[in-house]
Number of protein chains: 2
Amino acid sequence: MAVTMRDVAEKANVSIKTVSRVVNNQGEISETTRQRVLDAIRQLGYRPNIVARGLASGRTASVALIIPQITDPFFPELVLGVESVAHRQGYSVFLCNTNEDPQQELDYIDILSGKQVDGIILCGSRLDAEQLSAVATRHHVAILTSRRPAHAAVVSIPGRTGLRRMTSHLAELGHRKIGYVGLYWPGDQERLQGYYDGLAAHGIGANDRYVRMLPTITVDLARHMTRDLLHAAPEITAIACYNDLAALGVMQAAASLGRKAPEDLAVVGFDDIPLASLVSPQLTTMHVPKYMLGQMVMDLLLKVIAAKGDYEEHAYVELRMIVRESCGAKNRLPVG
Amino acid sequence: MAVTMRDVAEKANVSIKTVSRVVNNQGEISETTRQRVLDAIRQLGYRPNIVARGLASGRTASVALIIPQITDPFFPELVLGVESVAHRQGYSVFLCNTNEDPQQELDYIDILSGKQVDGIILCGSRLDAEQLSAVATRHHVAILTSRRPAHAAVVSIPGRTGLRRMTSHLAELGHRKIGYVGLYWPGDQERLQGYYDGLAAHGIGANDRYVRMLPTITVDLARHMTRDLLHAAPEITAIACYNDLAALGVMQAAASLGRKAPEDLAVVGFDDIPLASLVSPQLTTMHVPKYMLGQMVMDLLLKVIAAKGDYEEHAYVELRMIVRESCGAKNRLPVG
DNA sequence: TTGTACGCGTTATCAT
DNA sequence: ATGATAACGCGTACAA
């Protein structure tokens with residue numbers, strides 16, 4: 001089998017405990033025995049067994065990262081951010097895709113707490129605030145969500161502020177008939193509210209006919225719904241979107257109706273996924289620092305772990321508007 | 001602390017072993033005691049400690065998935081494929097980004113074998129065939145690579161065949177001056193060879209001036225190099241690419257030089273990443289079933305684990321050409 | 001069908 | 001500064 005501490009101890013003529021001390025740099029040890037142990041370790045090629053350490057110490061140096069879908073272009077960067085700080089701190093990360101299913105989410109929490117992970121990160125959870133709260137009391141958890149679970153460590157994207165700014169941008173370009181293509185998600189209408197805020201800030205009345213809410217956001221669905229929207233209300237000159245994927249669908253719908261963005265329809269997205277700058281016209285959008293977001297939640301989780309679960313905080317990430325082509329600002333078009 | 005088998009055993013008035021038997025569905029147990037134990041488990045909310053089980057049994061029900069970069073659009077789907085079969089078989093997966101650094105790769109292998117993972121999946125490894133071979137003898141490993149490590153379980157993408165077919169496609173559309181934008185990767189010129197194969201199959205002589213090899217593939221780099229290429233050899237009418245990201249850069253370069261794809265320059269990619277059908281013109285490319293690929297490597301790893309490392313196989317995934325817009329086939333343009 | 005006792009590799013509590 | 005020994009929670013011979 002693998003070489004253990006006992007083997008090292010025998011080879012170095014010391015006790016197991018001494019080996020343990022050397023491996024973990026703890027306690028005072030004479031330099032000579034220290035070197036002797038180190039030599040034995042090197043010669044035998046000893047590697048500590050983290051599982052055994054986990055059983056004895058209760059710490060596994062592993063965390064779980066639970067996300068809805070790694071194929072959603074929002075998440076890869078975030079995952080990378082989480083992993084970077086995790087790795088730097090000696091943690092490994094279990095990746096768990098819930099497929100946007102709350103039950104799978106719960107299942108994963110169960111399974112991984114059984115594997116004694118030191119902490120769990122929940123991103124874009126489909127659980128409601130109460131469930132999240134409950135999970136947070138039972139486990140060491142950091143959450144990325146727009147909900148407001150009580151007594152938890154959470155970081156949020158200020159979606160309401162963000163969409164107010166994007167909508168205002170459109171209004172300031174002269175648009176008055178501004179539509180919205182969003183996500184219908186019970187218990188979270190942050191971004192929709194931001195859209196309304198933006199309209200109100202410019203004295204534009206809200207019009208339900210200008211709004212389409214999708215059960216889930218895909219480019220195809222956004223395209224279909226937007227075709228419908230533009231048929232029902234062709235007077236719309238601009239559309240704000242829940243995110244970039246929706247914005248892409250909106251632009252495709254416009255193109256299919258012979259309306260060119262941004263001249264015939266201004267479009268703004270949200271998130272600034274990699275695609276946003278690769279499509280034509282390039283998407284004006286709200287940049288969400290996804291990598292940093294990942295770092296933030298992992299940092300948060302570290303605090304929760306250090307405080308043995310007794311840590312609360314609600315942080316917000318900063319947004320930055322990226323004006324590209326799809327909104328028409330670059331051409332300063334007068335809009336009727 | 002958490003509730004253990006002992007607690008359950010006491011509550012149910014049985015021995016620990018009996019509880020163990022119930023939990024693992026092994027051995028004959030009278031239905032009455034079985035129910036008694038099950039009740040106790042439910043009442044106490046007992047969850048087996050996988051770490052302890054791992055120490056005792058040597059199996060942790062965890063595997064490591066090592067990839068170069070989750071932000072590379074090729075990988076999210078693959079990761080999902082791996083996770084789907086892993087999860088179905090009761091395994092959790094550690095995600096490890098090596099940042100394309102062979103040293104980090106080796107480090108991760110070390111760390112995770114220390115965590116006693118039952119197996120390791122290596123994708124797009126930056127290690128050479130010999131190193132891979134060495135890793136495979138020391139650990140339970142399944143590899144996705146175009147290299148040919150000895151005595152290992154590997155699945156490959158037939159890149160040479162694939163690029164031959166893409167290049168042939170261009171030749172069959174009438175192109176004779178066909179360029180190639182590829183990746184320079186010591187020890188693997190599969191796709192470049194396929195490009196040459198395609199030319200040869202149509203009696204077209206190879207011309208080094210038509211080839212650009214990038215040290216790493218990014219859209220920006222591909223754009224720059226392609227501008228250079230098209231300046232040096234403006235007579236080129238078509239370009240085959242190592243992958244879709246490169247193809248994107250090629251199309252951008254063409255556009256920036258006033259050459260419209262596909263009319264003024266036919267372009268074909270490889271991989272069929274999600275972007276391929278979202279950009280305009282849509283990319284003609286070789287579809288690589290990434291989700292299935294993930295399932296294949298994980299299946300392979302399961303075999304390796306079951307065989308205790310004594311398992312070799314070299315599987316190939318099937319490719320499918322997707323003709324979209326960027327190659328010009330749809331318009332049947334005569335090319336001079 | 002069920003139970004006893006030991007081992008897995010490490011940490012942690014005492015001593016010395 | 002170093003060592004003996006008991007946990008940690010579960011699997012597994014071997015018994016009964």
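Chain naming here is simple, since letters A, B, ... match the order of the sequence lines and numbering starts at 1 in each.
- Contact annotation: A:S15 side-chain N/O to D:dG3 OP1/OP2 distance is under 4.0 Å.
- Residues passing the salt bridge (Lys or Arg N to Asp or Glu O under 4.0 Å) test with A:D110 are B:R47, sequence neighbours excluded.
- Nearest nucleotide to the side chain of A:L55, out of D:dC8, C:dC8, D:dC10: D:dC8.
- Dashed line: the shortest gap from a side-chain N or O of A:R53 to OP1 or OP2 of C:dG9 is not under 4.0 Å.
- Straight-line distance from the CG atom of A:D7 to the C1' atom of C:dC8: 13 Å, rounded to whole Å.
- A side-chain N or O of B:K115 and one of A:S92 form a donor-acceptor pair less than 3.5 Å apart.
- Whole-Å rounding puts the A:I29 CD1 to D:dT2 P distance at 6 Å.
- Going from atom CZ of B:R6 over to atom C1' of D:dC8 covers 10 Å, rounded to whole Å.
- For A:R126, the salt bridge (Lys or Arg N to Asp or Glu O under 4.0 Å) partners at least two apart in sequence or on another chain are A:E100.
- Proximity of B:S30 to the phosphate of C:dT1: no side-chain N or O atom is located under 4.0 Å from OP1 or OP2.
- In this structure, CZ of B:R21 is placed 12 Å from P of C:dT4, rounded to the nearest angstrom.
- For C:dC8, neither phosphate oxygen OP1 nor OP2 lies less than 4.0 angstrom from any side-chain nitrogen or oxygen of A:N49.
- Between B:E313 and B:Y311 the shortest side-chain heavy-atom distance falls below 4.5 Å.
- Of the side-chain N and O atoms in A:T33, one or more sit less than 4.0 angstrom from OP1 or OP2 of D:dT2.
- Rounded to whole angstrom, the span from the CD1 atom of A:I16 across to the C1' atom of C:dG9 amounts to 8 Å.
- Atom P of nucleotide C:dA12 and atom CG of A:N24 are separated by 8 Å, given to the nearest angstrom.
- Closest to the B:A52 side chain, of the nucleotides C:dA12, D:dG9, C:dT11, is D:dG9.
- We find that NZ of A:K17 is positioned 13 Å from C1' of D:dA7, with the value rounded to whole Å.
- Using a 4.0 Å heavy-atom cutoff across all strands shown, B:V14 reaches sugar-phosphate atoms only and no base atom.
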(message) Determine whether B:E190 and B:R148 satisfy the following criterion, salt bridge (charged side-chain N to carboxylate O under 4.0 Å, His left out), listing intermediate values before the conclusion.
(response) CA-CA 12 Å; B:E190 282 245 327; B:R148 298 167 191 292; 3.3 Å; yes
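- Of the candidate nucleotides D:dG11, D:dC8, C:dG3, C:dG3 has the atom nearest to the side chain of B:T18.
- Across the protein-nucleic acid pair, A:E10 atom CD and D:dA4 atom P stand 12 Å apart, rounded to whole Å.
- Among A:H87, A:M298, A:E83, the single residue meeting the side chain to side chain contact (heavy atoms under 4.5 Å, CB included) criterion with A:V93 is A:E83.
- Each end of the helix from C:dT1-D:dA16 to C:dT16-D:dA1 gets its own axis, taken as the rotation carrying the C1' atoms of four end pairs onto the next four within a five-pair window, and the two axes meet at 30° to the nearest 10 degrees.
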